[in-house]
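As the structure is a computational prediction, the values presented were derived from the model and not from experiment.
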Amino acid sequence: MNTKDEISIPFAHPVYVRRILDCLNSRGVRPSTVLANAGLAWQALHEDRQMVDFAVFRRFVAHAIHCSGEPALGLMAGSMLQPYHSPVGIAAVTSDSLDQGLQVMTRHARLIFGSLEFQVENGPRWSTLKVKPLLPLGDTHVFVMQSILGAHVRLLEAILGRPVDELTVGLPYARPADNDVPCLRYVRSVAFDQECLTFELPVDLLRAPSASADAKAFADASEACLRMESELGHGVFVQRVRRALFERLTSNPDTSDLASDLGISPRTLVRRLAAADITYSDIKDELRKTHAAWYLQHTDLSMESIAAQLGYSDPTSFSRKFKGWYRVAPSKMRQDMQGGAH
């Protein structure tokens, strides 16, 4: 496809791309090489309200598969997309039941996987989640479908607190000619050549309680999802503020400082953010929350250094805030991440 003919629409959330990079890194592939070939900057992947364009994502996938030599890379990367990485996943796993978790995921899935339609259909015996592309995915079709398969299997396991042996998956592509079916490592029953990607479960299982039900965490995450959706309609200015704040996060600027850097008044900054149903403190909190987890997983920085990077003058304040976000101490999360528990 020529560059001028490329489909140019927002498609994938940066957290999804970051998990693919994690997967590449675990296989000894330098993420910087793949990013450079795809025309992606690491900085751009920290803009959590700016979706990666489909044309860029397509090049990224092609280079990722080539460099890794792994045709099932999408499935592997999807299985690394842990629920706690986004408000959508957090809301799903802290819901009170599998039914509510699936409804949340279906309602807000476009915040992670753009240009895909998610529908749940409940019959007398079976509940079926259908995933349909809203645009031709071309040579990324299998990769994207496998990614969603891996991510949803992990999500279902997180909600139920166990492997989902009752799950049947329908895949919208042919069985591999060499009969190598890596998805069977993740789900026992698979059918190929289906009209769309489907996840089928016994309808009675929907009543199963979530293993991580938490009413407050669910309410907070659901509110964050609504804010993210609002930002899709008011995103340009919010993205500008988010980028500027991220670049200055270590100095912990207040609204007056950042407004001055942006060339507007503090009142205008507050008013335009309010129009997007978000506050300056919301943006700062979300940036700190996301990057705190990233520093813990990807660096050996001390808690004091991480706190400083996030604009906290007192490590104790950072630790207290972190426990409020994740219900776990930062040192414990680092231990779990490095031990593979997440």
Side-chain angles (χ1 to χ4, degrees), residues 13 15 19 48-49 81-112 118 120 151-152 154-162 164 205-232 238 242 245 249 252 273-274 276-297 303 306-307 310-312 314-337 341-342:
H13 192 281
V15 72
R19 296 292 74 75
D48 280 349
R49 297 299 181 273
L81 189 62
Q82 300 296 336
Y84 75 91
H85 283 306
S86 75
V88 180
I90 294 172
V93 299
T94 57
S95 58
D96 61 15
S97 67
L98 178 60
D99 185 25
Q100 187 180 44
L102 286 176
Q103 294 295 338
V104 166
M105 188 63 204
T106 302
R107 187 180 311 123
H108 300 298
R110 72 189 185 101
L111 296 174
I112 306 298
F118 290 70
V120 174
H152 276 68
R154 296 305 296 268
L155 178 71
L156 292 171
E157 290 177 348
I159 294 174
L160 294 174
R162 63 170 176 81
V164 193
L205 190 62
L206 298 181
R207 294 194 294 268
S210 171
S212 305
D214 184 322
K216 185 180 185 307
F218 175 79
D220 290 345
S222 297
E223 183 178 341
C225 289
L226 293 175
R227 285 201 304 270
M228 289 171 67
E229 290 184 340
S230 177
E231 285 187 37
L232 289 179
V238 175
R242 190 180 303 279
L245 179 55
L249 199 55
N252 190 25
L273 290 178
D277 195 28
I278 194 169
T279 68
Y280 184 72
S281 61
D282 287 336
I283 296 175
K284 184 181 290 187
D285 242 23
E286 289 172 10
L287 280 173
R288 285 171 159 174
K289 180 178 179 180
T290 299
H291 290 89
W294 188 88
Y295 282 126
L296 289 171
Q297 183 175 11
M303 296 303 161
I306 293 175
L310 300 176
Y312 288 97
D314 177 13
T316 302
S317 298
F318 162 64
S319 182
R320 183 166 55 247
K321 192 71 174 180
F322 191 94
K323 289 178 182 178
W325 292 329
Y326 291 108
R327 305 291 193 272
V328 65
S331 57
K332 180 63 166 60
M333 177 175 280
R334 168 172 276 174
Q335 180 183 351
D336 289 346
M337 284 176 164
H342 287 289

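- For Leu296 against Arg334, the heavy-atom pair with the smallest separation is O-NE, 3.3 Å.
- Rounding to the nearest 0.5 Å places CD1 of Ile90 at 11.0 Å from OG of Ser212.
- For the pair Ile112/Ser86, a side-chain contact is recorded, criterion being any heavy-atom separation below 4.5 Å from C-beta on.
- With contacts defined as side-chain heavy-atom distances shorter than 4.5 Å, the pair Glu157/Arg162 does not qualify.
- Listed here is the closest heavy atom pair of Leu155 and Gly89: CD1-O, 4.3 Å.
- Minimum heavy-atom separation, Arg227 to Ile278: CD-CG1, 4.0 Å.
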Please test Arg110 against Met228 for side-chain contact (heavy atoms from CB on, under 4.5 Å), starting from the C-alpha separation and ending with a verdict. CA-CA 10 Å; Arg110 72 189 185 101; Met228 289 171 67; over 6 Å; no
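- A 4.5 Å side-chain heavy-atom check between Lys284 and Arg242 finds every atom pair outside the cut-off.
- With sequence neighbours left out, the salt bridge (charged side-chain N to carboxylate O under 4.0 Å, His left out) criterion links Arg107 to no other residue.
- Contacts of Ala91 classified as side chain to side chain contact (heavy atoms under 4.5 Å, CB included), with partners at least two apart in sequence or in another chain: Val104, Phe218, Ala221, Ser222.
- The stretch residues 88-106 participates, sequence neighbours left out, in no side chain to side chain donor-acceptor pair (under 3.5 Å) pair at all.
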Side-chain donor-acceptor contacts of residues 320-329 below 3.5 Å, not counting sequence neighbours, with atom names and distances?
residue : atom : partner : partner atom : Å
Lys321  : NZ   : Asp285  : OD2          : 3.4
Tyr326  : OH   : Lys289  : O            : 3.0
Arg327  : NH1  : Gly324  : O            : 2.6

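- Counting heavy atoms from C-beta outward, Tyr312 and Asn252 have side chains that stay 4.5 Å or more apart.
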Start with the C-alpha distance between Asp277 and Leu226, add both sets of side-chain angles, then the distance that settles side-chain contact (heavy atoms from CB on, under 4.5 Å), and finish with yes or no. CA-CA 9 Å; Asp277 195 28; Leu226 293 175; 5.7 Å; no
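- Under the 4.5 Å side-chain criterion, counting only non-hydrogen atoms from C-beta, Leu156 is in contact with Leu102.
- The ring-ring contact (aromatic ring centres under 6.0 Å, His included) search around Phe118 returns His152, not counting sequence neighbours.
- Scanning both residues, Val15 and Leu81, for their nearest heavy atoms gives O-CD1, 4.0 Å.
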Chi angles and distances behind the side-chain contact (heavy atoms from CB on, under 4.5 Å) call for Met303, Ser331: CA-CA 8 Å; Met303 296 303 161; Ser331 57; 4.2 Å; yes
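- Between Cys225 and Leu111 there is a side-chain heavy-atom pair separated by less than 4.5 Å.
- In this structure a side-chain-to-backbone donor-acceptor pair under 3.5 Å is present from Arg288 to Gly311.
- Looking at Thr279 and Ser281, their side chains do bring a donor and an acceptor atom within 3.5 Å of each other.
- Using a 4.5 Å cut-off on side-chain heavy atoms (C-beta onward), His291 and Leu310 make contact.
- Legend: residues meeting side chain to side chain contact (heavy atoms under 4.5 Å, CB included) with Asp220, ordered by chain and number and at least two apart, are Lys216.
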